[in-house]
Amino acid sequence: MLIQTEYDFTLPKGFVGPEGTICRAGSMRLATALDEIEAMRDPRGKNSPDYLSVLLLSRVVVRLEGVAEITPQVIEGLFTADFSFLQNMYETVNGTEDPVIRVQCPHCGKTFTDTLNFTSGE
């Protein structure tokens, strides 16, 4: 059995890159215990528990188009909608169950579950 360790996403608003480009597509990996430990050890996380989310996301977001390195400063620069989106995604993919969603076909009314997809248009 293979475990999915990385999830693609599309930010709702998009990060404004260094040259004014809008960066929306990215990828997040599953968090490890070390990610959470290191975030809690960081003085910024110790002094402000709210900052832990910034530190964690900067460790687990592994790709954002047009951005060379994901740092806490990149996460700080996200629009609130995108930051909330990534926090929700983090909680979803790192939960104890596979991220699935229950959906209903608008045509036939059949209800089924499907893997949750964080990219738009799919």
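This structure is a prediction, so every number in the text was calculated from the model and none was measured.
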Throw together a table of side-chain donor-acceptor distances under 3.5 angstrom for residues 49-57, partners on residues two or more places apart or in other chains.
| unit_1 | atom_1 | unit_2 | atom_2 | d |
| --- | --- | --- | --- | --- |
| Tyr51 | OH | Glu76 | OE2 | 2.3 |
| Ser53 | OG | Gln87 | NE2 | 3.1 |

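Salt bridge annotation for Asp42-Arg59: absent, with no cationic side-chain nitrogen under 4.0 angstrom from a carboxylate oxygen. Using a 4.0 Å cut-off between a side-chain N of Lys or Arg and a carboxylate O of Asp or Glu, Arg24 and Asp82 do not qualify as a salt bridge.
You'll find the side chain of Asp35 reaches within 4.5 Å of the side chain of Arg29, heavy atoms only. Residues Gln104 and Thr111 meet the side-chain proximity criterion, which asks for heavy atoms closer than 4.5 Å.
Applying the side chain to side chain contact (heavy atoms under 4.5 Å, CB included) rule to Glu69 yields the partners Thr71; only residues at least two apart in sequence or on another chain are considered. For Ala81, the side chain to side chain contact (heavy atoms under 4.5 Å, CB included) test picks out Lys13, with sequence neighbours left out.
Summarising the geometry of Tyr90 relative to Ala31, their closest heavy-atom pair is OH-CB, 3.4 Å, with the distance given to 0.1 Å. Of all heavy-atom pairs between Gly66 and Cys23, the closest is CA-SG, 4.1 Å. Taking each heavy atom of Ala25 and Arg63 in turn, the nearest pair found is O-NH1, 3.8 Å.
Of the options Thr10, Thr80, Leu11, a side chain to side chain contact (heavy atoms under 4.5 Å, CB included) to Phe85 is made by Leu11 and by none of the others.
Here the straight-line distance linking atom OH of Tyr7 with atom CE of Met89 works out to 8.5 Å at 0.5 Å rounding. Here the CZ-CG distance, from Phe15 to Leu86, works out to 11.5 Å after rounding to the nearest 0.5 Å. Taken to the nearest 0.5 Å, the CE atom of Met40 stands 10.0 Å off from the CD atom of Glu38.
No path of Ile, Leu, Val, Met, Phe, Trp and Tyr side chains, each step under 4.5 Å between heavy atoms, connects Leu34 with Ile3, placing them in separate hydrophobic clusters. Hydrophobic cluster membership differs between Val62 and Leu30, with clusters built from Ile, Leu, Val, Met, Phe, Trp and Tyr side chains linked at under 4.5 angstrom.
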